[in-house]
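Report on the structure given below.
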Amino acid sequence: MVGPAGVLGGKNSTIGGVLHPWPVPPVAKVEPITTARALRGPFDYLRPDGVGVGAVLVVPFGGRDVVGVVVGVAEHSDVADDRLAAPRRVLDHDLPPDLVALAGWMAAEYCSTPARALALVSPAPHARAKLAWWASATGADPGGRAPTEAQRALLDGLPRAAGGDLPALRRLEARGLVALERRPVRRHVSHEAVGARRVQPPPLTADQARVLADVEAQLARPAPEPLLLHGVTGSGKTEIYLRAAQTALAAGRGVIVLVPEIGLTPQIVSRFADRFGDTIAVLHSKLSPGERHDEWTRLRSGAARVCIGPRSAVFAPIERLGLIVLDEEHDSSYKHEGDPRYDARHVAARRAGQAGALLLAGSATPRPESVRALRRVRLPARVDGRPLPPVAIVDMREQAGALHPDTSHALVDAGKAIVLLNRRGWSNFVDCRSCGHAWMCPQCDVALVLHRAQHTLACHHCGHRERVPERCVKCGSMSVARHGAGTERLEHDLAAIGHEVFRLDADVADAGAVLRRFEAAPGGILLGTQMVAKGHDFPDVTLGVVVDADGTLRFPDFRAEERTFALVAQLAGRAGRGPAGGRVLVQTLSPDAPSIAAAARHDADGFLRGELARREALRYPPFSHLIRIVCSAPQGAAVADAARALRAALGTVADAQVLGPAPLFRLRGRERAQLVIKAGDRAAAVAAAGAAVAAVAGERARRGVAFSVDVDPQ
Ligand code: ADP
Ligand code: ZN
Ligand code: ZN
């Protein structure tokens with residue numbers, strides 16, 4: 001920082017709108033928002049007046065104009081004064097400085113670049129405010145010619161947006177009676193209303209009151225201790241979030257509410273909208289750039305103080321942040337699959353710590369990591385006092401077909417049911433009955449899935465599609481076999497039982513519409529992938545079915561048990577929420593798997609105990625940190641070579657174990673190999689991974705090889 005006024009001379013200056021009683025440095029350190037990995041910014045520019053950390057500029061860079069963010073200001077530059085370039089212009093949306101700091105941390109934490117991290121926290125740079133004509137009465141004397149009755153009515157209604165009356169208002173403007181100006185108008189984002197509307201907060205249950213007292217005690221502290229709200233499905237966690245938000249707002253603090261996928265959880269958005277009205281803003285990927293701009297600006301200006309959205313809402317430009325809610329904290333959508341591969345849960349914890357805000361994570365099936373890291377507060381029972389529905393395990397080892405006869409009978413009797421099958425399409429595998437030729441994706445080493453309604457075979461990894469074959473390409477046989485059932489096939493079978501079927505999977509364009517139709521229907525089956533097990537609250541569902549609980553369990557992944565437990569427990573939470581009660585059937589080939597057995601007993605604690613012990617023995621998170629490095633290229637030899645070089649460059653990482661290289665299946669036409677680091681010291685391992693990738697990627701032999709580093713892979 002520079003000295004006080006007088007020492008250096010000069011007049012007062014402003015940074016980020018704050019008046020400083022001393023001159024501010026003349027150099028702005030700017031990070032251009034580009035995706036180039038090799039760039040080593042920031043770069044120095046002349047600092048325009050009023051520009052401080054967080055300002056968004058257009059700067060000349062490498063012969064073109066790029067958007068950049070000011071990450072620092074300095075007294076001196078290594079660039080000669082007369083060679084220091086001036087920015088072209090200052091854009092009108094600036095980032096809060098704490099988000100610039102967060103981006104810097106994220107770049108290092110996830111082995112990425114500051115530019116890529118800044119791109120994530122920045123608003124869409126080219127969206128603008130929408131302008132429309134705004135009319136107000138001037139109050140001038142109409143003189144000799146009195147306005148007509150219609151004109152009188154028009155004048156009385158002012159000020160307002162001109163809209164369709166612009167021509168009539170123009171005539172009044174010509175007479176000096178009306179002033180017209182262009183004003184920004186807000187593009188209204190509508191919140192779908194799903195579920196019962198309740199504006200009056202209900203009186204809390206004793207359990208809720210106890211938990212809320214704990215939450216509020218933390219909110220009152222300057223450095224709150226993060227909390228994990230472990231409450232069974234239907235225990236009223238959302239009401240705790242709402243009350244906590246209210247308390248934070250009353251103290252003049254802002255709130256971020258992170259939800260898994262907004263299209264699938266419109267209920268929580270409408271509950272917040274009902275309670276807080278226009279104080280909330282939503283940020284999600286379905287918004288148009290203009291809507292996003294407006295919501296972002298409302299948050300930045302403080303017009304909105306609560307932001308609800310999926311993982312990227314963790315970057316909402318809210319000042320004086322007091323609370324971050326992480327709803328359904330176990331959900332895998334919190335992990336971002338682009339670069340930086342951030343985990344919104346980890347970023348939320350960092351941001352909360354930075355802002356002195358309370359992190360309140362909630363789930364019925366919390367992750368072992370969170371259970372170990374956070375203090376737990378519990379809601380042990382459903383609000384309505386009803387027990388959780390009984391869960392029966394249905395052994396499928398002797399069964400042919402997708403549904404056990406018991407399941408079929410239960411479905412016939414059920415009024416409303418939810419059926420989960422974690423596989424899209426008709427059948428998951430197609431081959432020739434004569435020669436055994438299997439249809440595989442030409443880009444990836446995976447089987448193609450039949451989508452009968454579209455007459456295509458599709459790859460679920462790269463999106464490749466081809467027409468359903470009429471005969472075998474290899475032997476010409478007309479006899480093609482389809483194996484396994486997906487949601488499309490099951491939809492067909494269930495409709496045959498005579499039920500109306502509402503299918504919900506990634507092939508459905510408007511998930512919200514499907515949920516609304518299911519809610520309004522007197523009966524029927526909501527059938528789909530894990531999307532059907534998200535936090536929906538349909539009181540008249542009496543039956544839940546997991547068709548193939550082994551689907552997630554078979555994944556070669558240390559999280560397989562955790563995912564399976566969560567899926568079964570979450571689905572169970574959707575059934576029996578009303579007076580008619582309910583039950584759940586779980587079809588499986590592994591009835592003794594600990595995750596399935598524990599979920600059937602509603603035994604989250606038992607599951608967590610066993611799972612934590614297993615992870616500790618195998619040294620998996622939370623007892624280590626994982627870093628996954630994937631090398632990929634069109635040629636297998638180049639990949640194997642690069643992976644070996646990377647292994648050598650890593651050498652021995654202190655307090656860590658390096659696994660691999662191991663080949664992965666070909667994806668999108670690229671061969672792949674991976675290394676996994678299991679580390680005790682996270683920062684040291686991240687630094688080692690970053691250095692090794694930088695060294696190997698820079699070698700001449702690595703042309704065409706791509707490297708991706710994933711810290712805390714899902
Ligand atoms: P969770 O998020 O824990 O699954 P919800 O917050 O969805 O549970 O609550 C389940 C239902 O109970 C909702 O319909 C909610 O409006 C209602 N509810 C929550 N708290 C209360 C309360 N104190 N009294 C009455 N109903 C409540
Ligand atoms: Zn054949
Ligand atoms: Zn493919």
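When reading the values below, keep in mind they use all heavy atoms of this one structure, side chains included, and skip hydrogens, waters and symmetry mates. For ligands, and for the atoms within them, numbers begin at 1 and follow the listed sequence.
- Of all the atoms in ligand 1, the ones that sit under 4.0 Å from a non-hydrogen atom of Ser235 are 1 (P), 3 (O), 8 (O).
- Not a single N, O or S atom of His437, from either the backbone or the side chain, sits less than 2.8 Å from the Zn ion (ligand 2).
- Counting the atoms of ligand 1 from 1 in the order shown, those under 4.0 Å from a heavy atom of Thr233 are 4 (O).
- A salt bridge is defined here as a Lys NZ or Arg NE, NH1 or NH2 lying under 4.0 Å from an Asp or Glu carboxylate O, and Glu239 with Arg275 meets this definition.
- Taking distance alone, with nitrogen or oxygen atoms compared against 3.5 Å, Pro202 stays at or beyond that limit from ligand 1.
- Not counting sequence neighbours, the partners of His230 by the side chain to side chain donor-acceptor pair (under 3.5 Å) test are Arg376.
- For Arg583, the CZ atom counts as loosely surrounded, since its 6.0 Å shell holds 12 or fewer non-hydrogen atoms of other residues, nucleotides or ligands.
- Cys444 contributes SG and Cys441 contributes SG; the angle these two atoms make at the Zn ion (ligand 3) is 110°, rounded to 10°.
- The atoms of ligand 1 that sit less than 4.0 Å from any heavy atom of Val232 are 3 (O).
- Residue contact annotation: His464 places no N/O/S atom under 2.8 Å from the Zn ion (ligand 3).
- Contact annotation: Arg271 has at least one heavy atom less than 4.0 Å from an atom of ligand 1.
- No salt bridge links Arg271 with Asp274; every basic N to acidic carboxylate O contact stays at or beyond 4.0 Å.
- In Arg467, the CZ atom is not crowded: 12 or fewer heavy atoms of neighbouring residues, nucleotides or ligands sit closer than 6.0 Å.
- Relative ring orientation between Phe518 and Phe502 is described as perpendicular, the plane-to-plane angle rising above 60° on a 0-90° scale split at 30° and 60°.
- Between Gly234 and ligand 1, at least one N/O pair is under 3.5 Å apart.
- Both tests hold for Arg672 against Phe665: distance to the six-membered ring centre under 6.0 Å, angle to the ring axis within 45°.
- The two residues Arg433 and Ser479 make their nearest non-hydrogen contact at CD-OG, 2.8 Å.
- Heavy atoms of Pro203 come nearer than 4.0 angstrom to ligand 1 in at least one pair.
- The proximity of Leu204 to ligand 1, defined as any non-hydrogen pair under 4.0 Å, is limited to the backbone.
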